[in-house]
Each structure stands twice: as structure tokens, then as C-alpha cells.
Amino acid sequence: MIWRLYLQFLKFGAFTFGGGWSIVAQMKELYVEREKNITDEELLDMTSIGRSLPGTMIGNIAMFYGHRQAGFFGGVACMFGMITVPMIVLIAITTFYTAFQSNIWVASAMKGVRTAVAPVILSALMGMVKSAFKIPPCFVIALAMFILFFFFNVSCVWLVVIGAVLGLIMCEYYERRRGIDVTA
Amino acid sequence: MLLLELFWSFVKIGFTSFGGLSMIPLISSEMISHNWMNAHEVSDIVAIAEMTPGPLGLNCATFAGMRAAGLAGAIVANIGALAPTFTLCFAAAVFFEHFNRNKRLAQIMTGVRPACVGMVAGVVIQLALANYADSAGGVHVPSLILGLINLILLMKFKISIPKVILFSALMGVILFGVIGL
């Protein structure tokens with residue numbers, strides 16, 4: 001059972017490019033539609049909780065599914081299955097990168113690639129904006145954290161903790177004083 | 001000692017990241033402050049991680065770990081980045097029913113998400129400052145123009161990220177390698 005989970009996630013991991021959504025789609029096809037181990041709704045629950053817990057979303061989802069099927073070691077098997085192929089690929093690329101970093105052609109290609117990095121992050125950031133600003137004070141938090149991060153080099157660890165505390169305070173305030181449930 | 005530092009860095013990164021890009025600001029500051037990478041290399045790893053299979057955060061962990069301390073570094077960094085999954089997520093799996101649609105968690109995320117937007121916006125500017133600069137510290141115009149083209153391809157024409165990165169690599173070879181800008 002554990003070996004089988006490992007191999008299934010090995011395959012998922014090999015075909016996950018960019019975001020983690022393709023792994024959710026693959027899990028849906030195999031576990032919901034073919035094996036019928038879990039329902040669509042359970043997968044959605046795993047995804048939404050996996051996403052709101054810290055860490056890698058896919059790692060968290062792998063842990064949820066594996067734990068459900070075969071306990072802690074099932075979860076660990078899914079997790080390691082998922083990272084095996086990406087890790088081997090990355091180790092090969094890093095070795096190559098380190099060896100050829102100063103090669104003129106590799107260096108020119110990487111210089112081109114670097115121009116795409118800020119646009120790539122920016123476009124993904126635009127996707128985040130919609131769900132991030134549920135109530136007006138969220139804009140203030142984003143601006144304040146930007147200033148603390150960019151101008152004062154405050155550690156991201158603290159910024160996340162501050163954000164979490166402010167989230168609790170804001171939501172409670174909205175609910176008690178204005179009767180609005182922000183989380184609904 | 002180096003391995004322990006690497007592990008601890010990625011434990012911090014793991015516990016304060018909430019999906020995909022939110023890892024990048026802390027990865028960037030941890031890598032640069034420990035002198036494990038410079039801003040260019042952080043950009044490279046973001047691009048490489050987007051192009052290869054697997055989650056972005058773990059790909060960054062493998063790359064950074066390899067660069068800092070070889071194969072052992074890569075393994076240690078991955079385990080560090082997965083620490084929240086081993087602990088918090090495992091606990092959540094045990095109490096799955098209770099965790100389901102947990103209200104406190106949703107309240108926390110209401111504050112954490114905009115905080116992540118702020119930090120990611122900060123890291124975009126940091127990387128842009130490094131990537132569009134020439135060796136003298138001014139603006140490198142060809143890079144900036146290529147960057148704007150990339151932005152339009154992504155946002156207006158919805159070209160996928162791997163394709164845009166591949167296109168940039170090709171343009172880089174032509175512009176900086178063949179023509180020598």
C-alpha cells in the first residue's frame with residue numbers, strides 16, 4: 001500500500017509544472033474519478049486546508065491523502081514520492097548551471113531569462129490580489145508590510161506573524177462591531 | 001554547522017510561506033544575507049523552478065541547498081522546507097474533521113494574504129533593480145525593453161510562464177550573445 005502510494009505520487013510529481021494545480025487535477029482524475037477513494041468535495045477540502053496551512057500546498061495535500069489511506073507513513077510516502085523526480089531534475093540542472101554559469105551562451109540565455117522574472121512574479125501577484133483584499137484595511141496591511149520589507153528590511157517571519165495577528169483582530173472587530181463575518 | 005544553518009533557514013521559509021510565490025521574499029533575504037546566492041542567482045532559481053516539475057518552494061530548496069552545501073545541502077533544505085507538512089499538516093490530518101473550514105484559520109489568512117502581497121511586491125522591485133541594471137549601476141535599456149515585452153506577453157496575451165521564460169532565454173542568446181548588447 002505504502003509503496004503504491006509512493007509510486008502514484010512519484011508520477012504526479014513528475015508532471016507538475018509551475019503551480020500546484022496540475023497535481024490536484026491529476027489526483028481528481030485518479031482518486032475521485034477512477035479509483036473513487038475520495039469524493040470531489042473531500043479533495044476540495046484537502047486543497048483548501050493544504051493551501052491555508054504554511055508550507056508547500058502540494059506537500060500538504062500529499063500528506064492529507066497519504067495519511068487518510070495509510071496513516072503517518074502513508075503521508076510521508078506520498079510526500080517523498082512527489083519530490084523525488086523534481087529533486088533529481090533540479091540536482092542535475094544545478095550541477096549543469098554551476099559548471100556552465102560562465103559560458104558565454106549560457107550566461108546570455110540566463111541574462112535574458114532574468115528579464116522575465118519580475119514580470120512572472122508580477123503577473124502571479126495580480127492573481128493573488130483578488131482574494132487578498134477582502135476588507136479595506138487589507139490594503140493598509142499590504143502597504144505597511146511592503147514598506148517594512150523593502151525599506152526597513154524587517155524579516156518576513158515577523159511580517160507574517162504581524163499579518164496573522166492583524167487578521168484575527170480585524171475579523172473579530174468586523175464581526176462584533178459591524179456584524180459582518182469576513183470569513184464567510 | 002553549514003547544514004544546520006541551511007536547515008534552519010528553510011524551516012523558517014517553510015513555516016512562513018503560504019503557497020507558491022510567498023516563499024520568494026524570505027528565500028531571497030535568507031540566501032543573500034548568508035551569501036549563499038546573489039540577486040541574479042535568486043532570479044535564476046525562480047526562473048528554473050518555474051520551468052521544471054515540482055513545487056516552486058522545494059525546487060528553490062534543492063537549488064539553494066546544492067549551491068550552498070552540495071547534495072547533503074539539497075536534502076537538508078528540502079526536509080526543512082517540508083517541516084510544516086511533517087508537523088502542522090500531520091496534526092491537521094489527524095484532526096481533519098475539526099480543521100475543516102476552521103474559522104480562526106480563515107481569520108489569520110485574512111491578514112496574512114495582504115501581508116504576502118506586500119512582501120512579494122517588495123521582492124519584485126528588488127529583483128527588478130538587480131536584473132535591469134547594467135554593470136555601472138544605471139539602467140540596462142535592452143533588458144528593460146525585453147522585460148516589458150515579457151510583461152505584455154504574460155498579462156495581455158496570457159502566454160504560459162514556461163513559454164515566456166523559453167522565449168526570454170532565446171532572446172537573451174540573440175541580444176546579449178550574438179549581437180553583444
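Worth knowing before you read on, the calculation uses all heavy atoms, side chains too, and leaves out hydrogens, waters and symmetry mates. Chain letters run A, B, ... following the sequence lines, proteins first and then strands; every chain starts at 1.
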Just so I understand: if I count every heavy-atom pair under 4.5 Å between each of [options] and chain A, which residue has the most?
options: B/Gly177, B/Ser33, B/Pro142; value: B/Gly177
options: B/Met109, B/Arg104, B/Arg67; value: B/Arg67
options: B/Leu127, B/Leu58, B/Val120, B/Asn59; value: B/Asn59
options: B/Gly111, B/Pro114, B/Gly172; value: B/Pro114
options: B/His140, B/Arg113, B/Gln107; value: B/Gln107

Per-residue contact mode, [X] against chain A (heavy atom under 4.5 angstrom):
X: B/Met155; answer: side chain
X: B/Ser143; answer: both
X: B/Leu26; answer: both
X: B/Ile165; answer: both
X: B/Phe86; answer: both
X: B/Ile179; answer: neither
X: B/Val46; answer: side chain
X: B/Glu30; answer: neither
X: B/Leu146; answer: both
X: B/Ile75; answer: both

Please report whether the ring centroid of A/Phe12 lies less than 6.0 Å from that of A/Phe9. yes
Partner chain B: residue of [options] with the largest heavy-atom pair count (under 4.5 Å):
options: A/Val161, A/Ile135, A/Leu125; answer: A/Leu125
options: A/Glu175, A/Met145, A/His67; answer: A/His67
options: A/Ser123, A/Pro137, A/Ser108, A/Gly167; answer: A/Ser108
options: A/Val89, A/Ile91, A/Ile104, A/Leu122; answer: A/Ile91
options: A/Val129, A/Val117, A/Ile83; answer: A/Val117
options: A/Leu143, A/Val154, A/Leu166, A/Val120; answer: A/Val120

Region of A/Phe72 in contact with chain B, defined by heavy-atom distances below 4.5 Å: both
Side chain, backbone, both or neither: which part of A/Met87 has an atom under 4.5 Å from a heavy atom of chain B? both
Report yes or no: do [X] and [Y] form a side-chain donor-acceptor pair below 3.5 Å?
X: A/Gln69; Y: A/Gln8; value: no
X: A/Tyr65; Y: A/Asn37; value: yes
X: A/Thr115; Y: B/Asn150; value: yes
X: B/Thr62; Y: B/Asn78; value: yes

Quick one: do B/Glu5 and B/Lys12 make a salt bridge, cutoff under 4.0 Å? no
May I ask you to say whether A/Glu172 pairs ionically with A/Arg177, meaning some side-chain N is under 4.0 Å from a carboxylate O? no
Applying the side-chain hydrogen bond (donor to acceptor under 3.5 Å, both in side chains) criterion to B/Asp44, which one of A/Lys111, A/Arg114, A/Gln101 satisfies it? A/Arg114
Under the salt bridge (charged side-chain N to carboxylate O under 4.0 Å, His left out) test against A/Glu29, which residue among A/Lys36, A/Arg34, A/Lys11 passes? A/Arg34
A/Glu33, A/Glu35, A/Glu42 screened by salt bridge (charged side-chain N to carboxylate O under 4.0 Å, His left out) with A/Lys28, the one that passes: A/Glu33
Assess the residue pair B/Cys60 and B/Met23 against the criterion (side chain to side chain contact (heavy atoms under 4.5 Å, CB included)); give the C-alpha distance rounded to whole Å, side-chain angles, the decisive distance to 0.1 Å, and a yes or no. CA-CA 9 Å; B/Cys60 289; B/Met23 252 181 191; 6.0 Å; no
In the structure I gave you, are the side-chain heavy atoms of B/Phe15 and A/Val157 within less than 4.5 Å of one another anywhere? no
Ring pair (Phe, Tyr, Trp, His ring centres under 6.0 Å): pairs with one or both residues in residues 80-131 of chain A, sequence neighbours excluded: A/Phe96-A/Phe100, A/Tyr97-B/Phe63
Flag yes if A/Ile147 and A/Val140 sit in one hydrophobic cluster, no otherwise; membership is Ile, Leu, Val, Met, Phe, Trp, Tyr, and two members link when side-chain heavy atoms are under 4.5 Å apart. no
